[in-house]
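All remarks here apply to the structure that follows.
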Amino acid sequence: YGLQGMFGDGSGNATLDGNATVSFGASANNDLSFYGSTSSTTLTLAPTVLVHGQNGQLRATTGIVDQGTISADVAGGTITVVASPLVNQGVVEARNGGTLSLQGTWGEGGTFRAAGGTVEAGGTTTIGAGSRLNLDLAANYTVTNSFLGAGGVAFNPTVGVTATLAAAQSYSGTTSVISGTLALSGGNDRINPVGSLSVATGANVNLNGFNQTIATLSGAGTIVNGAVSTTSVFTISSGGSFTGSFNDGAGILALQKSGP
């Protein structure tokens, strides 16, 4: 499928709506592009719109508002989304062995799903105040870039699946672990120390031999140090209400309370 050109309403904005489906085939030249007439124009994908398939680019010279679903759902294929910004209010996902590559600036919230595929979160991700980026993960996934903004991130790996923070995060909202395991990797304080942490019943945070400071802790899950022959120090600077457990695991876990 290929579509290029300039389309939209009198203001230069454009909306794909109804029950529109854009299906990319095997060609490496598939391209759905929107060229706005001004620097403030946007392309909106309505809630019922599906953009999916094997190989293609979804591009906008300005911004894309995704209220629908962008899905790289064919094994071996790659769908690239390029926008500044991509405002995700719907679902962006990779499944069935496909790869979704996000470039430009993106964020706000919505659902970011890796379900048997690969999501390459390039560019800059900013989560606005009051928004939450939901990471639904069906396989182990490593976050290698830093999310920005005043919003929060919810990690929702399925049971037995691990989400790994390999980069220090800059967002200042709440980190929520809904299920599965969130593990630290590569250094201390992968969660922003000024942010809050919520760990739901049955969910785990594995410090993995590193230290972590957070402002407040809530929930009823488990904080553990799973790295052999190491000591992790977990520091709570402001309080919270936590009814879960702190476990040494394969290593030693030290709990420290500072501040009020």
Side-chain angles (χ1 to χ4, degrees), residues 1-4 16 20-34 43 45 47 49-61 63-127 133-148 153-158 160-167 169 171 179-183 185-186:
Y1 182 95
L3 174 63
Q4 291 190 7
L16 288 178
T21 297
V22 176
S23 298
F24 291 121
S27 172
N29 297 318
N30 295 322
D31 186 11
L32 174 61
S33 298
F34 172 61
L43 169 64
L45 306 180
V49 169
L50 170 64
V51 178
H52 75 129
Q54 187 169 357
N55 293 311
Q57 290 192 80
L58 175 61
R59 300 187 297 170
T61 55
I64 295 175
V65 177
D66 172 39
Q67 299 172 345
T69 299
I70 302 171
S71 178
D73 57 3
V74 177
T78 299
I79 292 179
T80 301
V81 181
V82 182
S84 294
L86 166 64
V87 178
N88 182 35
Q89 299 172 350
V91 174
V92 291
E93 66 176 6
R95 55 191 306 116
N96 304 329
T99 297
L100 181 69
S101 178
L102 301 175
Q103 304 296 327
T105 59
W106 62 283
E108 285 309 314
T111 296
F112 170 112
R113 180 182 298 145
T118 301
V119 177
E120 298 175 349
T124 301
T125 308
T126 301
I127 308 162
L133 179 63
N134 301 293
L135 305 185
D136 289 352
L137 307 171
N140 293 341
Y141 185 79
T142 299
V143 178
T144 57
N145 62 320
S146 181
F147 298 144
L148 311 175
V153 176
F155 293 89
N156 191 23
T158 56
V161 169
T162 298
T164 300
L165 285 180
Q169 298 302 302
Y171 67 89
S179 63
T181 298
L182 177 65
S185 176

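No experiment lies behind these values; they were computed from the predicted model shown.
- Annotation: the span from Tyr141 atom OH to Phe112 atom CZ amounts to 3.5 Å, rounded to 0.5 Å.
- When all heavy atoms are compared, the tightest approach of His52 to Ile79 is C-CD1, 3.7 Å.
- The shortest non-hydrogen separation linking Ala94 to Gly98 is CB-O, 3.6 Å.
- Taken from CG in Asn156 to CG in Leu182, the straight-line distance is 12.0 Å, to the nearest 0.5 Å.
- Between the side chain of Ser27 and the main chain of Asn29, a donor-acceptor pair closer than 3.5 Å is present.
- Considering only heavy atoms from C-beta on, Phe24 stays 4.5 Å or farther from Val74 through its side chain.
- The backbone N or O of Ala75 sits nowhere less than 3.5 Å from a side-chain atom of Asn96 that would complete a donor-acceptor pair.
- The nearest pair of heavy atoms linking Ala138 to Ala115 is CB-CA, 3.8 Å.
- Using a distance-only test at 3.5 Å, with no hydrogens or angles considered, a donor-acceptor pair links the side chain of Ser179 to the main chain of Pro157.
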query: Could you go step by step and tell me if Ile70 and Leu58 meet the side-chain contact (heavy atoms from CB on, under 4.5 Å) rule?
result: CA-CA 9 Å; Ile70 302 171; Leu58 175 61; 3.8 Å; yes
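- Here the shortest heavy-atom pairing between Gly25 and Gln54 reads O-CB, 3.4 Å.
- Atoms CG and OG1, on Leu16 and Thr21 in that order, are 10.5 Å from each other to the nearest 0.5 Å.
- For the pair Gln67 (side chain) and Val91 (backbone), a donor-acceptor distance under 3.5 Å is absent.
- Residues Thr164 and Asn140 are not in side-chain contact: their nearest non-hydrogen atoms beyond the backbone lie 4.5 Å or more apart.
- The salt bridge (Lys or Arg N to Asp or Glu O under 4.0 Å) pairs that include a residue from residues 63-73 number zero, where partners must be two or more places apart or lie in different chains.
- For the pair Val82 and Gln57, the tightest heavy-atom approach, listed with the atom from each and the gap, is CG2-OE1, 4.4 Å.
- Asp31 CG to Thr80 OG1: the interatomic distance, rounded to the nearest 0.5 Å, is 10.0 Å.
- Taking both residues in full, the closest heavy atoms of Ala167 and Ser146 are given as CB-N, 4.4 Å, listed atom of the first, atom of the second, then distance.
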message: As a quick check of understanding, evaluate side-chain contact (heavy atoms from CB on, under 4.5 Å) for Tyr171 and Leu133, giving each step before the final call.
response: CA-CA 11 Å; Tyr171 67 89; Leu133 179 63; over 6 Å; no
message: Test side-chain contact (heavy atoms from CB on, under 4.5 Å) on Val153 and Val143; report intermediate values, then the result.
response: CA-CA 12 Å; Val153 176; Val143 178; over 6 Å; no
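- Interatomic distance, CZ of Phe155 versus OG1 of Thr181, reported as 12.5 Å (0.5 Å rounding).
- Applying the salt bridge (Lys or Arg N to Asp or Glu O under 4.0 Å) test to pairs two or more places apart or on separate chains, those with a residue in residues 92-101 are Glu93-Arg95, Glu93-Arg113.
- Leu50 CG to Leu45 CG: the interatomic distance, rounded to the nearest 0.5 Å, is 10.0 Å.
- For the pair Leu86/Leu102, a side-chain contact is recorded, criterion being any heavy-atom separation below 4.5 Å from C-beta on.
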